[in-house]
Amino acid sequence: MKAFAAGAVLLLCSFLAGCWNSVELNELGIVSATAIDYKKGMYNVSYQIVVPQAVSSATGQASPSMAPIAVFSTQGATLKEAAEKANLEFPRTLFFAHNRVIVIGENAAKQGISGLLDLYFRNQESRETVSLYVTQDDPKQILKTLMPIEKIQGAGIFKMTNVAEKQSSTVKRTRIYEIAYKITSRSSSAVVPEISFSGRGQPKQSVDAMNEVSHDVILKFQRNGVFRKDRLAGWLSEDESLGLRLATGEANGGMITVGCPKEESKGKISFQLNKVKAKLETMAEDGRANIAAKVTAYGVLAESSCKTDFSKPESLEPVKQALKEHLSGLIRAAWKASLDLRSDIFGISDEVYRHQPELWKMWADKEDPWKEAQLTPQVEVKVERTGMSNDSFKKLLDK
């Protein structure tokens with residue numbers, strides 16, 4: 001009988017044990033975005049917290065007079081120390097499972113992000129799919145800026161990235177695990193999108209901004225930060241970023257504008273990029289690598305102010321040639337930027353390791369041997385259609 005009673009007690013305890021560390025929802029502070037900067041030997045970490053009373057629509061209790069987010073900052077000699085101090089300054093336990101974006105200031109990025117990566121891979125609550133961004137502006141101010149339409153600004157930046165990835169090839173989301181993989185590869189380089197303020201004036205940080213129809217200052221993706229190992233080495237312009245995406249096969253959209261092929265015409269042609277197929281082909285010659293960046297760009301003519309008659313198939317050839325030269329120039333510009341920044345963002349070292357093992361053995365003891373490689377763009381352009389009109393509207397007016 002005693003044995004039965006003891007077993008029953010143990011069984012009851014096993015059911016109760018699952019709730020011993022439970023936390024009520026109203027005791028949590030849900031983090032939607034994090035900003036990191038570095039000043040005078042200390043990390044400044046800012047957290048954007050969701051205010052449930054301001055965003056709850058399910059219960060009909062959302063308050064339009066309350067800001068949907070709250071931002072506060074802590075400091076520490078390490079990121080973990082700053083995070084621990086947050087527990088002394090905020091009334092709720094921080095919950096990071098819904099943190100979608102991390103914005104890193106330029107100073108912190110130059111200091112190195114290995115501490116951030118280490119913290120994320122050790123913390124079982126954090127997710128390695130969080131998107132990473134860099135900025136030359138104050139990262140805390142970026143978290144405090146309210147966005148039109150989107151209540152939760154961290155989620156808004158995440159959605160901005162999805163749209164930019166589909167419509168423009170200059171921006172590509174970089175997750176924590178992706179940058180960790182790239183900087184630990186043989187190329188030791190990664191590219192991270194920059195988010196910054198665009199416009200003049202002060203960004204809107206009051207709840208009144210949600211009722212305004214236009215904002216003088218908005219958040220915008222512009223350049224891309226280049227990391228050599230875990231430190232920020234410099235920046236790629238928008239054109240250089242597009243050239244890199246084209247050569248590495250990561251481009252999937254965007255608008256390319258070139259001048260009319262005939263010298264007497266001062267018009268422009270816009271080419272809507274729909275799809276890109278690309279690969280890097282590596283050949284070894286005399287201890288050097290010759291890289292052919294083979295790119296085929298598919299798209300449609302979206303706008304033209306040229307006098308060209310597109311009903312004749314041969315009239316497209318000069319247009320294709322102009323686009324080919326323009327895209328080749330973008331790839332060459334990106335390659336030059338990678339050499340200037342001493343960052344193997346094309347992944348040449350990985351290509352040589354996979355396809356030219358004998359050459360890789362010769363490179364083993366050299367510093368930055370990939371810089372001796374020759375990269376040659378080989379671009380083809382496929383115009384899938386020219387639209388419903390053969391002549392430009394300007395040409396119709398001149399008739």
Side-chain angles (χ1 to χ4, degrees), residues 21 23 27-50 69-145 153-154 157 174-184 188-197 205 225-235 343:
N21 62 345
V23 180
E27 296 175 352
L28 295 176
I30 299 174
V31 179
S32 59
T34 304
I36 299 171
D37 208 355
Y38 185 82
K39 293 180 180 177
K40 299 179 180 178
M42 299 289 283
Y43 284 99
N44 298 317
V45 183
S46 302
Y47 301 102
Q48 183 185 88
I49 312 296
V50 177
I69 56 172
V71 177
F72 75 100
S73 302
T74 60
Q75 289 188 333
T78 64
L79 294 173
K80 185 61 179 175
E81 182 179 302
E84 289 299 317
K85 286 184 178 179
N87 297 323
L88 305 176
E89 303 176 16
F90 195 70
R92 296 189 178 190
T93 302
L94 296 183
F95 185 65
F96 291 93
H98 294 283
N99 184 28
R100 288 191 164 186
V101 301
I102 298 177
V103 182
I104 303 177
E106 187 176 25
N107 288 336
K110 287 181 177 178
Q111 190 67 23
I113 59 171
S114 57
L116 171 68
L117 299 176
D118 199 54
L119 179 63
Y120 260 75
F121 286 119
R122 291 181 189 280
N123 191 345
Q124 60 182 0
E125 192 178 88
S126 303
R127 296 181 179 180
E128 294 85 7
T129 54
V130 176
S131 299
L132 210 62
Y133 305 85
V134 288
T135 182
Q136 274 192 317
D137 296 313
D138 185 345
K140 181 181 178 181
Q141 295 302 318
I142 287 181
L143 291 200
K144 292 171 68 176
T145 301
Q153 190 249 29
I157 294 176
T174 305
R175 301 167 181 86
I176 288 279
Y177 75 87
E178 289 175 326
I179 192 170
Y181 170 75
K182 289 186 176 180
I183 65 176
T184 54
S188 305
S189 300
V191 176
V192 177
E194 177 196 28
I195 188 167
S196 59
F197 293 118
Q205 298 176 350
V226 174
F227 282 78
R228 177 181 164 85
K229 295 186 178 177
D230 73 324
R231 296 174 189 268
L232 181 69
W235 302 91
S343 301

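Everything numeric in this text was worked out from a predicted model, so none of it was measured.
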Close side-chain approach of I49 and V71, heavy atoms under 4.5 Å: no

Side chains of L132 and I176 in contact at under 4.5 Å (non-hydrogen atoms): yes

Can you give me the closest heavy-atom contact between [X] and [Y], atom names plus distance?
| X | Y | answer |
| --- | --- | --- |
| Y43 | G112 | OH-O, 4.2 Å |
| Q48 | G154 | OE1-N, 3.0 Å |
| N99 | A33 | OD1-CA, 3.1 Å |
| I195 | T135 | O-OG1, 2.8 Å |
| S343 | A233 | OG-CB, 3.8 Å |
| G115 | L79 | C-CD1, 4.0 Å |

Over 12 foreign heavy atoms within 6.0 Å of OH, Y181: no

All salt bridge (Lys or Arg N to Asp or Glu O under 4.0 Å) counterparts of K229, not counting sequence neighbours: none

All salt bridge (Lys or Arg N to Asp or Glu O under 4.0 Å) counterparts of E128, not counting sequence neighbours: none

Side chain to side chain contact (heavy atoms under 4.5 Å, CB included) evaluation trace for L116 with I36: CA-CA 9 Å; L116 171 68; I36 299 171; 3.7 Å; yes

Set of ring pair (Phe, Tyr, Trp, His ring centres under 6.0 Å) partners for F72, sequence neighbours left out: Y47, F90

Those residues that, when tested against Y120, pass ring pair (Phe, Tyr, Trp, His ring centres under 6.0 Å) (two or more places apart): none

Test side chain to side chain contact (heavy atoms under 4.5 Å, CB included) applied to I157 and Y133, step by step: CA-CA 10 Å; I157 294 176; Y133 305 85; 3.9 Å; yes

Criterion side chain to side chain contact (heavy atoms under 4.5 Å, CB included) on V192 and V226, from CA distance to verdict: CA-CA 6 Å; V192 177; V226 174; over 6 Å; no

Could you give the distance from [atom1] ([X]) to [atom2] ([Y]), rounded to the nearest 0.5 Å?
| X | Y | atom1 | atom2 | value |
| --- | --- | --- | --- | --- |
| I113 | D118 | CD1 | CG | 12.0 Å |
| L143 | Q141 | CG | CD | 9.5 Å |
| I183 | S188 | CD1 | OG | 8.5 Å |
| Q75 | E81 | CD | CD | 10.0 Å |
| K144 | K140 | NZ | NZ | 5.0 Å |

Counting N and O atoms only, with roles assigned by atom type, does the side chain of [X] sit under 3.5 Å from a partner on the main chain of [Y], one being a donor and the other an acceptor?
| X | Y | result |
| --- | --- | --- |
| R92 | L28 | yes |
| R175 | S131 | no |
| T174 | V191 | yes |

Side chain to side chain contact (heavy atoms under 4.5 Å, CB included) between I142 and F197, worked out: CA-CA 8 Å; I142 287 181; F197 293 118; 3.8 Å; yes

Pairs touching residues 30-44 that satisfy salt bridge (Lys or Arg N to Asp or Glu O under 4.0 Å), sequence neighbours left out: none

Under 3.5 Å side-chain donor-acceptor pair for N44 and S73: no

Kindly list each side-chain donor-acceptor pair under 3.5 angstrom involving residues 100-110, sequence neighbours excluded, with atom names and distances?
residue : atom : partner : partner atom : Å
E106    : OE1  : Q136    : NE2          : 3.4
E106    : OE2  : Q136    : NE2          : 3.3
E106    : OE2  : W235    : NE1          : 3.4

CA sep, side-chain torsions, deciding dist, call: K182, E178, salt bridge (charged side-chain N to carboxylate O under 4.0 Å, His left out): CA-CA 6 Å; K182 289 186 176 180; E178 289 175 326; over 6 Å; no

